Amino acid sequence: MKDDIYQQAKEIFFKYQGNSFFMEQDYLYKTFKNYNVPQNVLADWYKELLRNNKEQLLCASNNKEIKSKFFIYLELIRCNKQYFSNNDIEFAFDFFRKNKGLDDFSKIIMVEIIIKFIKQQNIIDTSIKEYCKVVLTKINTDSFTVDESYKYHGELPSYTLKENVSSRVLEDLEQIANL
């Protein structure tokens, strides 16, 4: 009987990435809490979620999907840092460093995800900050690239156009300098 109860709790947990805020939006957080899932089981579920998210990140098929999966991976860690290690964070940073096929727009978004993560987690790692700075300074607005996966009805949204990213790059560089 307990396994069945935990299975129902696990379904809710995984559907909402373990995020109580999203559970609450659908009025399911109290239901989930009523299952009284032990901490050791929750810890296992968070680790399983992270493994799933890592696999999805590694299997992403285009830059827009990579960016999205990257955000989900780091957001899971940010919201539940007690369940994860520095190795889990380093995986994300290394993934970004090694992913040379990213378009310029995806690079900017991923740098912004990293900046937000560093701010919220008070990370002191200067190497990732330096790498983000290098990535941003190498972006040339004259040859700015945006992956086709960002197209909506055959056109790129205005926020992806090179005319609209120059100030964004400068703001990001300033944020990195202030970390």
Side-chain angles (χ1 to χ4, degrees), residues 16-22 46-47 49-179:
Y16 293 95
Q17 289 282 312
N19 190 314
S20 58
F21 176 77
F22 294 125
Y46 277 114
K47 288 177 177 103
L49 258 180
L50 192 69
R51 276 192 308 276
N52 293 348
N53 288 340
K54 183 185 285 189
E55 289 172 17
Q56 289 177 14
L57 177 60
L58 292 170
C59 293
S61 61
N62 61 53
N63 287 346
K64 185 177 181 182
E65 192 178 350
I66 289 170
K67 177 237 356 155
S68 177
K69 301 297 181 189
F70 185 77
F71 171 77
I72 291 168
Y73 180 89
L74 279 178
E75 191 67 4
L76 178 64
I77 294 171
R78 183 189 70 77
C79 293
N80 307 286
K81 62 184 174 185
Q82 70 272 26
Y83 297 106
F84 304 109
S85 71
N86 285 337
N87 290 337
D88 299 320
I89 297 168
E90 273 306 311
F91 166 80
F93 293 168
D94 286 342
F95 176 84
F96 180 61
R97 287 182 189 108
K98 293 175 182 174
N99 201 324
K100 303 300 181 195
L102 293 171
D103 63 291
D104 291 333
F105 183 70
S106 295
K107 289 176 188 175
I108 291 171
I109 298 296
M110 290 175 77
V111 165
E112 290 171 350
I113 292 167
I114 290 170
I115 289 170
K116 181 180 177 185
F117 184 81
I118 288 172
K119 280 182 178 179
Q120 292 174 334
Q121 299 301 308
N122 296 318
I123 293 177
I124 304 169
D125 184 344
T126 57
S127 66
I128 190 63
K129 295 174 194 176
E130 285 302 312
Y131 183 74
C132 289
K133 184 177 173 182
V134 168
V135 166
L136 291 173
T137 56
K138 287 185 177 180
I139 291 177
N140 181 346
T141 53
D142 293 330
S143 60
F144 188 76
T145 59
V146 182
D147 190 69
E148 294 289 314
S149 60
Y150 288 100
K151 284 188 174 180
Y152 183 72
H153 296 300
E155 294 189 21
L156 290 171
S158 61
Y159 60 83
T160 65
L161 302 177
K162 64 182 175 183
E163 301 85 40
N164 299 326
V165 297
S166 296
S167 60
R168 193 170 178 168
V169 169
L170 291 174
E171 288 172 19
D172 292 344
L173 284 167
E174 185 176 321
Q175 284 190 61
I176 290 170
N178 292 326
L179 290 176

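Values in this document were obtained by computation on a predicted structure and should not be read as measured data. Hydrogens, waters and symmetry mates play no part in the numbers below; they use all other heavy atoms, side chains included.
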Between I114 and I118, is a side chain to side chain contact (heavy atoms under 4.5 Å, CB included) present by the stated rule, with each step listed? CA-CA 6 Å; I114 290 170; I118 288 172; 3.6 Å; yes

Please check if the number of heavy atoms outside [X] that lie under 6.0 Å from its [atom1] is greater than 12.
X: N140; atom1: CG; result: yes
X: E163; atom1: CD; result: yes
X: E174; atom1: CD; result: no

With a 6.0 Å cut-off on the ring centroids, do Y73 and F95 count as close? no

Non-neighbouring partners of Q56 that pass side-chain hydrogen bond (donor to acceptor under 3.5 Å, both in side chains), sequence neighbours left out: K69

With rounding to the nearest 0.5 Å, note down the distance linking [atom1] in [X] to [atom2] in [Y].
X: S106; Y: I113; atom1: OG; atom2: CD1; value: 9.5 Å
X: E171; Y: L136; atom1: CD; atom2: CG; value: 11.5 Å
X: Y150; Y: L156; atom1: OH; atom2: CG; value: 10.5 Å
X: I128; Y: I89; atom1: CD1; atom2: CD1; value: 11.5 Å
X: K47; Y: L49; atom1: NZ; atom2: CG; value: 12.0 Å

Stepwise side chain to side chain contact (heavy atoms under 4.5 Å, CB included) test for D125 and K129: CA-CA 7 Å; D125 184 344; K129 295 174 194 176; 5.9 Å; no

Tell me whether E75 is salt-bridged to R78, with the criterion being a basic N under 4.0 Å from an acidic carboxylate O. yes

Verdict with reasoning, V169 to S166, per side chain to side chain contact (heavy atoms under 4.5 Å, CB included): CA-CA 5 Å; V169 169; S166 296; 6.0 Å; no

In sequence, state the C-alpha distance, the side-chain angles, and the governing distance for F96 and Y131, and then conclude on ring-ring contact (aromatic ring centres under 6.0 Å, His included). CA-CA 10 Å; F96 180 61; Y131 183 74; 5.7 Å; yes

Tell me every residue that passes side chain to side chain contact (heavy atoms under 4.5 Å, CB included) with Y83, counting only those two or more places apart in sequence or in another chain. Q39, L42, A43, Y46, N80

